[in-house]
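These notes concern the structure reproduced below.
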Amino acid sequence: MKKSIRMRWLMALVGISLLPVMSSAQASKTDLTGKWTFSVTTDNGTGTPTVSLAQKGDSLSGNYSSQVFGEQAIKGAVTGNRIAFMFTASLEGQSLIVRYTGTIEADGTIQGGVDLGGLGSGTFTATRQKP
């Protein structure tokens, strides 16, 4: 009887320890291809850029569109439930690299941070637009 109870506890612990691995594997299977609306908050204000993503394996490409940076081609990658992409833009005659990094959440949104080429930083939440 004691062996049976120990075995159940052991199986439960093994199952619990595998949950992060399983959720990470599921997140990496998420295809981010589509049009996304970003809600960005920085030290300089807020914005709602639109990002069109195309995912092939772990690679991302696409288009970033905002009032501040205009239309920009992006390149990036997905690793597990992590996403990162960047583009080069010009702001007031100065060239800068804008980098977005975030996490794909269980509800399908993406949350993370943005670095505005050393001129500022902020946070974002992204939601996929319905087709």
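Along the sequence shown, the residues carry numbers beginning at 1. Predicted model, so just to flag it, every value in this text is computed and none were measured.
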- Taking only residues two or more places apart in sequence or in another chain, which ones pass side-chain contact (heavy atoms from CB on, under 4.5 Å) with T88? S95, I97
- Residues at least two apart in sequence or cross-chain that pass side-chain contact (heavy atoms from CB on, under 4.5 Å) with S90, listed by chain then number, are none
- Return the set of residues passing ring-ring contact (aromatic ring centres under 6.0 Å, His included) with F69 (not counting sequence neighbours), or none when no residue passes. F87
- Task: Check R128 against T30 and note the closest heavy-atom contact, atom names and distance.
- Result: NH2-CG2, 4.4 Å
- Query: Between T101 and A84, what is the shortest heavy-atom contact and its length?
  - Reply: CG2-CB, 4.0 Å
- Note on the structure: Taking every heavy atom of N63 against every heavy atom of I74, the minimum-distance pair comes out as N-CG1, 3.9 Å
- Query: In terms of hydrophobic clustering (I, L, V, M, F, W, Y; side-chain heavy atoms under 4.5 Å; direct or indirect links), are F38 and L96 co-clustered?
  - Reply: yes
- Query: For G113, does its backbone N or O pair with a side-chain atom of R99 as donor and acceptor, under 3.5 Å?
  - Reply: no
- Would you list the pairs meeting side-chain hydrogen bond (donor to acceptor under 3.5 Å, both in side chains) in which at least one residue belongs to residues 103-118, sequence neighbours left out? R82-T103, D107-T109
- Task: Under the side chain to side chain donor-acceptor pair (under 3.5 Å) rule, collect the residues that match up with S65, sequence neighbours excluded.
- Result: E71
- Contact summary for L32 and Q55, nearest pair of heavy atoms: N-OE1, 2.8 Å
- Item | Sequence neighbours excluded - side-chain hydrogen bond (donor to acceptor under 3.5 Å, both in side chains) pairs with any residue from residues 35-48 | T37-Q129
